[in-house]
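First the proteins, then the strands, lettered A, B, ... as listed; each starts at 1.
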There are 2 protein chains.
Amino acid sequence: MMKKGSVTIKDIALELGISVSTVSRALADNPLVKPATRQAVKELAKKYNYRPNFTALSLRNNRTRTIGIIIPQLVHEFFSMVIRGIEDFAYSNGYNVIISSTHESYEREVIDTKALINGRVDGLLACVSKSTTNYDHFKEFAERNLPLVFFDCICDEIDSPKVVLDDFEAGYQATQHLVETGCTQIAYVGGPINLQINQDRFGGYKKALNEAGLALNESWIKHCETGDYDDGSESVRDMVAARSIDGLFAGTDMLAIGAIKTMKKAGLQIPKDVAVVGFSNWSIGTIYEPSLTTMSQPGYEMGQKAAELLIQQIDNPDKKLTDTFTLHSELIQRESTQR
Amino acid sequence: MMKKGSVTIKDIALELGISVSTVSRALADNPLVKPATRQAVKELAKKYNYRPNFTALSLRNNRTRTIGIIIPQLVHEFFSMVIRGIEDFAYSNGYNVIISSTHESYEREVIDTKALINGRVDGLLACVSKSTTNYDHFKEFAERNLPLVFFDCICDEIDSPKVVLDDFEAGYQATQHLVETGCTQIAYVGGPINLQINQDRFGGYKKALNEAGLALNESWIKHCETGDYDDGSESVRDMVAARSIDGLFAGTDMLAIGAIKTMKKAGLQIPKDVAVVGFSNWSIGTIYEPSLTTMSQPGYEMGQKAAELLIQQIDNPDKKLTDTFTLHSELIQRESTQR
DNA sequence: TTGTAAGCGTTATCAC
DNA sequence: GTGATAACGCTTACAA
């Protein structure tokens, strides 16, 4: 009885001896349809577990009610919160979500973006990867008048809404906290400096040092390639050997923990000898010993806001948005700066 | 010139004064098309950055070349490796991937599964959530002859291929390692016991104790709700207070680390007083002090295999597969059992 | 109250 | 070589 694939309105129409349009109308609760007909249709639809074909609907309506997410990593507490924020907002507005993880690869980002350019999604939320320097794929997206919103790692060359964290302010706060803790020789270890977010965190660091009248020492500044644990433990080797620093602002929690490990191994005590502030508030920071002072990153809010801006644009294509929304970070004090 | 949305073959046909069929053929490199025509079409297509409409193609071909993934969590090193394995296999076979993260919620799993039942994907890879006990949504999927493959947390009630880890063997190995280390009072702390994987790990534990002639002590056995850090630190409180155990097999690395934290706080030394084996080989296990002995989980291979089985079924719907593929875990020795 | 037909973008099957 | 035309599943004027 039931076809191999799934049931269509045609099947229902056929079985009931009526036309597909009537079936369609009945299912849409169109009041024109005779109650008896409607009921018959609905019963059969239920019996066969009818579900409207997604692809046909998309083609018909010229919209997929799906938004795409281009994101560099999945196993990442911040990004994961962003995704949850996006999903929650999207679902409650009737949108689905396709996630493409680029694994920080430019090539993958290009492939994934182009795969979404052909009517698969109604709009795109993107966080550019560490290795991206050419933005043509995003430009092509935007040129088709497909709504596009950047979050966190943005692309300045494109005129679309952006949601960012005030990384400058956060870097400033983190460093100032070290100053207040009594540090005078404060090092900086951060992620790839080609990324705006890292330039900003570093900028905040410099401003705080400057304001405190502390000198900037080039040998205490490391821009790492990845922001990972290994980079962190490597980055501070020289400073540790020289016993030269008493404070460290790390651009990620993993850098911070890598650095702490190296320092502990060298016999330094944290926070007594060196106070450390990380960035992102990863859960490992509460587990590690000492627990890690860090800057919060409101990922959920960022995701929600980005989704909101995107869906606004999808629903209202003429009113072009180009604003940048800025979220703020907060200091979370734990043992690594508790003197 | 260019339409607001994106360019279609109709636009190209119109501009060139030829028919859509010719354009379609030219783009498909059909040898019947006159070279000059083909070139003209291709040039215009390139100029306008033509991309075939995904939705139209899907409807036409009755296939989306997309596979869905239902997975309980994203921020999870094992699942993340599974996803990478799936993605790599899928991409290299011309498939795209839609990921739905259920956040271990049954409701979300039902919604997400049903959202993929309507022709959106050609098949589904699923790992059932901790809270799922009713499998009707998956059954509905299977009843439509949509290919379905389970991985890791499987559903036995459905007759479809499955890819699993030999959790029993792994639990056995982990416990046996503790025995070999010299432990005689070995506790078990694991995740939700309604999940088959946890029953198996626990089963392996019991077998190893049994073989070693060690007694099973009920007060040393804890089935936690989540498998998280907090559960871990809570679970061992009594045993620690009683100073009763000298070995611990934890069903997840986070449980292990939570437990270690509690024990360290109570003045116990790891591994001297209590040796600990975790499960899953999360990266935190290399960073934590002491570094954690654990069981590997070949997530990438699992993802690849699951994707392979699924795509095999999609490409060959008649040959129904129902086998279960079993992967194996390996012991990774680190400090937490080094005596 | 219901049916017919057009159309969303594409390709395959016929004609010519 | 190329052009109509039908079809994928659905909705919606328009007709009846």
Which nucleotide in the set D:dG1, D:dG3, C:dG9 lies at the smallest distance from any side-chain heavy atom of B:Thr8?
->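 Selected nucleotide (nearest to the side chain): C:dG9.
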
Of the candidate nucleotides C:dG3, D:dG3, D:dT11, which contains the atom at the shortest distance from the side chain of A:Ile9?
->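 Per side-chain heavy atoms of A:Ile9, the pick is D:dT11.
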
Output yes when a side-chain donor or acceptor of [X] lies under 3.5 Å from a complementary backbone atom of [Y], and no otherwise.
X: B:Thr22; Y: B:Ile18; result: no
X: A:Ser101; Y: A:Gln73; result: no
X: B:Arg38; Y: B:Asn30; result: yes

Would you indicate, yes or no, if [N] has its OP1 or OP2 atom less than 4.0 angstrom from a side-chain nitrogen or oxygen of [X]?
X: A:Ser24; N: D:dT12; value: no
X: B:Thr22; N: D:dT2; value: no
X: B:Thr55; N: C:dG9; value: no
X: A:Tyr50; N: D:dG9; value: no

How long is the line joining [atom1] of [X] and [atom2] of [N], in whole Å?
X: B:Leu59; N: D:dC10; atom1: CG; atom2: C1'; value: 9 Å
X: B:Asn62; N: C:dA12; atom1: CG; atom2: C1'; value: 15 Å
X: B:Leu27; N: C:dG9; atom1: CG; atom2: C1'; value: 13 Å
X: A:Arg63; N: D:dT11; atom1: CZ; atom2: P; value: 15 Å
X: B:Lys10; N: D:dT5; atom1: NZ; atom2: C1'; value: 14 Å
X: B:Asp29; N: C:dT11; atom1: CG; atom2: P; value: 12 Å
X: B:Asp11; N: C:dT10; atom1: CG; atom2: P; value: 9 Å
X: B:Leu57; N: D:dG9; atom1: CG; atom2: P; value: 15 Å

Does any N or O donor sit under 3.5 Å from an N or O acceptor when you compare the side chain of B:Ser21 with the base of D:dA4?
->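 Check passes, donor-acceptor contact within cut-off.
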
Is a donor-acceptor contact shorter than 3.5 angstrom present between the side chain of B:Arg25 and the base of D:dG3?
->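 By the distance-only test, yes, there is a pair.
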
A:Asn53 near the nucleic acid: base, sugar-phosphate alone, or nothing, with a heavy-atom cut-off under 4.0 Å?
->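 If one applies the 4.0 Å heavy-atom cut-off, A:Asn53 turns out to touch the sugar-phosphate alone, with no base involved.
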
So what does B:Ser58 hit on the nucleic acid, given a heavy-atom distance under 4.0 Å: a base, only sugar-phosphate, or nothing?
->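 The residue B:Ser58 makes no contact with any strand.
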
Hey, could you give me the CG/CG distance between A:Asn49 and A:Leu44, rounded to the nearest 0.5 Å?
->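 Here the interatomic distance stands at 11.5 Å.
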
Taking for each residue the nucleotide of DNA chain D bearing the nearest heavy atom, is the 5' side occupied by B:Asn61 or by B:Ile18?
->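 The residue closer to the strand's 5' end, by nearest nucleotide, is B:Ile18.
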
Nearest-nucleotide 5' precedence on DNA chain D, B:Arg60 against B:Thr37 |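 Nearest-nucleotide comparison on DNA chain D picks B:Thr37.
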
Are the charged groups of A:Arg63 and A:Asp315 less than 4.0 angstrom apart, N to O?
->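 Looking at A:Arg63 and A:Asp315, the cut-off is met.
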
